[in-house]
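FYI, side chains are in, hydrogens and waters are out, and symmetry mates aren't considered; it's all heavy atoms of this structure.
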Protein chains: 4
Amino acid sequence: MAYQKTEKVKKKIENKKESIIKVAKEVLANESYSAISIKSIAKKAGIATGTFYLYFSNKEKLVETIVDEMYAKLLDSIKKERAKHEQVIDKLQASMEATIRLFAKEQHLAKILLVQIPSFNHAFNRKLDEIEKELIKLTLADLKELTDQGMLPKQDIQISAMAFVGSFRQVMISWLREGEPKNIEEAYQTLIQYNLRGLGKS
Amino acid sequence: MAYQKTEKVKKKIENKKESIIKVAKEVLANESYSAISIKSIAKKAGIATGTFYLYFSNKEKLVETIVDEMYAKLLDSIKKERAKHEQVIDKLQASMEATIRLFAKEQHLAKILLVQIPSFNHAFNRKLDEIEKELIKLTLADLKELTDQGMLPKQDIQISAMAFVGSFRQVMISWLREGEPKNIEEAYQTLIQYNLRGLGKS
Amino acid sequence: MAYQKTEKVKKKIENKKESIIKVAKEVLANESYSAISIKSIAKKAGIATGTFYLYFSNKEKLVETIVDEMYAKLLDSIKKERAKHEQVIDKLQASMEATIRLFAKEQHLAKILLVQIPSFNHAFNRKLDEIEKELIKLTLADLKELTDQGMLPKQDIQISAMAFVGSFRQVMISWLREGEPKNIEEAYQTLIQYNLRGLGKS
Amino acid sequence: MAYQKTEKVKKKIENKKESIIKVAKEVLANESYSAISIKSIAKKAGIATGTFYLYFSNKEKLVETIVDEMYAKLLDSIKKERAKHEQVIDKLQASMEATIRLFAKEQHLAKILLVQIPSFNHAFNRKLDEIEKELIKLTLADLKELTDQGMLPKQDIQISAMAFVGSFRQVMISWLREGEPKNIEEAYQTLIQYNLRGLGKS
DNA sequence: TATGAATGAGCCTTCATTCAT
DNA sequence: GATGAATGAAGGCTCATTCAT
């Protein structure tokens, strides 16, 4: 009689939202932000334009949702990987390893985060900046601890942290855009070595 | 006499084109891409919208022209600085120093190249990628030579070159966007040290 | 038994229909037409949007129903008040008095009829026009009788009837919208006097 | 050479704005507000949708322009007619006569002001209310003066002014909507007589 | 009956580009 | 060359109505 919002229905709704997000991710990974019209996303998701607005209050909210989700995934990934280690230096490596692993596994995510979002409008860029800044902050904390432990020579660790993250970012982007290096996991070894040396790690 | 006139006219045209570019640069450095309408640029340049199209076939061409010009300026700057040195390692440093000096002196240029253009649409990003790739290529060449001279330990210099450039890029962007580090020239010293150590320079 | 059930069901339906109408009246009296969405009315009535269409074939029908109901109430009120009097002139006064009394007592109704509906689309206004025309017709009939009784000087009673109703309408609206006159019942006395004089009632 | 904004061009522009207004008036006089889409107006005016926005910043501005223009016209008409008379009572009559004459001559205007605008959105209704209130205020001023001159018996002239204006309004609307009375100028005589009697003018 | 997710036509508005003057 | 009015496709979003459950 009455319309019971059963588990099944709920799941279906969640699925639809997920399917919109999924389609949007695909579009985002390949087209520019301006190319993402609600109409086109709706079409690819097999729904009417109006239906989109049942799940997202507006276009911006959709991208925000996606970025937030990716950010959460990334931080979660890093946290888990770091937990496996005791030493700060290992934790630092773990952070980068987790990042690279995640991006390597989910290129969609990587492409959106590193390649596409930067070409979005200011609002999203600010969002992305936060993510980047967060990564640098995490790195900085590690560097600070290493410095306190006397494992790093005196240096401007603020700059070092940026350099550290920046070097990884550059390689990841090249890998995503040019497919070079071919094997990102191998490159990771070189990168770690480069940066540890750069830090003057003794 | 007829020839004279042509020269004069040519100069006049060149002047107007320059003035459009100048205005566009100012706008580009301060507004978001979506805010850059041909109408507004034309207005600021003191011409009619239609007139714009006498000098640029379309909006994209304008940005392309600007980026190309900046690119040329950057490469020129690097070339000149490198010429002052004999040793490859010094040339490598000179490249980075030239880049940072130029960006520090012309923040307009830096902001457009590092902050604004990346948030444009695909077409412009491709252009920007080329510049980034060129810088990496230049670096790579230096690393190769240093390797041949036995001054660097065995490593994947392709990756190292990216890491090298990426670390600089990251710091520059932070400087442009956050104003951190406050003194980019000082940061440069740290960066050079970081990267030379990272390369394992003996 | 089966019959009983039907009665009960019918009543239930009628109840729900009534509750929708009640909510709609409240909304109508306070919001602008564009603010009256079926979704919002349904929500306030505690039903689903789809359910609304079980009771009204469309949005227009709802307003029509409300207007009709109000119209009936108004006419009924007038009829009852008129029945109390013998003289035509008293009946005429009674009509206006009944109208004003009803509107004063049920401002909801007055606001919808005089303020809101006029700002709806054509369809509803036509409905409202009918009501206005009916009031004029009633007035006209009285004036005709008064003329036949020789109580009014020769005049175009068609026009007089309109003037009569129009003067009341104007004051009512001001009262509803501006709260001026403060006391509508007092104003009524002035209005009656004005119009009786206007008619040249001897 | 340069594009001279000659008088001719200016006039042409003004003409286009006028032609948009003219079309809009026609549409307004016959369709409901919601039926006025920019697209349809543009089409009827023989221009592209975008062109509309060269002359009006948005849809609302268009209607505002029209209403303001009509209001100005009406007040101007009244002022001119009043100026011809010395006695207040004549000025009062002149006001009404001017209004009726204008509406009779420009039925478009009358229909929009009396029939259509009331069914527009709140913003315009407020505008219209102002016009109505202004007319009442003008009437009130006359009544006050007449009272001071001892030409009117004691009465609530606030109410009388409303009744006065309301009676005219009602007749005008019937004339516009039903075509009844057939001859509005004749009806005017009846109306004036009715209202002067109503005021108790001695 | 009751539900509320789904629909999609249609709205207003913007802006790169064209073209008559 | 220069002008700027004109174009019209395309975008984001709303809401009365439908329909599978």
K.L.:
Roughly how many Å is it from NZ in Lys43(A) to C1' in dA6(E), rounded to a whole number?
P.N.:
18 Å
K.L.:
Filter on side-chain hydrogen bond (donor to acceptor under 3.5 Å, both in side chains), then keep only pairs touching residues 41-52 of chain C, sequence neighbours left out; what's left?
P.N.:
none
K.L.:
Do the side-chain N or O atoms of Lys16(C) get closer than 4.0 angstrom to the phosphate oxygens (OP1, OP2) of dT1(E)?
P.N.:
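False: Lys16(C) side-chain N/O out of range (4.0 Å or more) of dT1(E) OP1/OP2.
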K.L.:
Rounded to whole Å, please give me the gap between CG in Asn15(B) and C1' in dG1(F).
P.N.:
15 Å
K.L.:
Test of understanding: with side chain to side chain contact (heavy atoms under 4.5 Å, CB included), list the residues that count as partners of Lys73(B), not counting sequence neighbours.
P.N.:
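Checked Lys73(B) against side chain to side chain contact (heavy atoms under 4.5 Å, CB included); matches are Glu106(B), Leu109(B).
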K.L.:
List in chain and number order the residues that pass side chain to side chain contact (heavy atoms under 4.5 Å, CB included) with Ser40(B), two or more places apart in sequence or in another chain; answer none if no residue qualifies.
P.N.:
Ser37(B)
K.L.:
Using side chain to side chain contact (heavy atoms under 4.5 Å, CB included) as the criterion, point out the one residue from Ile41(D), Leu28(D), Thr65(D) that pairs with Ile21(D).
P.N.:
Thr65(D)
K.L.:
Rounding to a whole Å, what distance do you find between Leu54(D):CG and dT13(E):P?
P.N.:
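For the pair Leu54(D) CG and dT13(E) P, the rounded distance is 14 Å.
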K.L.:
For Phe52(C), which residues count as a side chain to side chain contact (heavy atoms under 4.5 Å, CB included) partner, sequence neighbours excluded?
P.N.:
Ile20(C), Ile38(C), Ile47(C), Phe56(C), Leu62(C)
K.L.:
Provide, to the nearest angstrom, the distance between the CD1 atom belonging to Ile20(C) and the C1' atom belonging to dT1(E).
P.N.:
12 Å
K.L.:
Going by side chain to side chain donor-acceptor pair (under 3.5 Å), name the residues that satisfy it together with Glu130(A), two or more places apart in sequence or in a different chain.
P.N.:
none
K.L.:
Treat a base pair as Watson-Crick or G-U wobble with both distances under 3.5 Å, then lay out DNA chain F in dot-bracket form, 5' to 3', with | for cross-strand pairs.
P.N.:
.||||||||||||||||||||
K.L.:
When rounded to the nearest 0.5 angstrom, what is the spacing between CD1 in Ile66(D) and CD1 in Ile112(D)?
P.N.:
6.0 Å
K.L.:
If I take atom CZ in residue Phe56(D) and atom C1' in nucleotide dA5(F), what distance separates them, rounded to the nearest angstrom?
P.N.:
15 Å
K.L.:
Atom NZ of Lys17(A) and atom C1' of dA6(E): how far apart are they, to the nearest Å?
P.N.:
17 Å
K.L.:
For Gly46(B) and for Ala48(D), locate the closest nucleotide of DNA chain F by heavy-atom distance; then report the residue assigned to the nucleotide nearer the 5' terminus.
P.N.:
Gly46(B)
K.L.:
Output all residues satisfying salt bridge (charged side-chain N to carboxylate O under 4.0 Å, His left out) with Lys25(B), sequence neighbours left out; order by chain, then residue number.
P.N.:
Glu69(B)
K.L.:
What residues form a side chain to side chain contact (heavy atoms under 4.5 Å, CB included) with Asp68(C), not counting sequence neighbours?
P.N.:
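Asp68(C) satisfies side chain to side chain contact (heavy atoms under 4.5 Å, CB included) with Glu64(C), Lys127(C) only.
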K.L.:
Assign a letter to each nucleotide of nucleotides 13-19 of chain F from its 5' end: B, base within under 4.0 Å of a protein heavy atom; S, sugar-phosphate only; -, no contact.
P.N.:
BBBSBB-
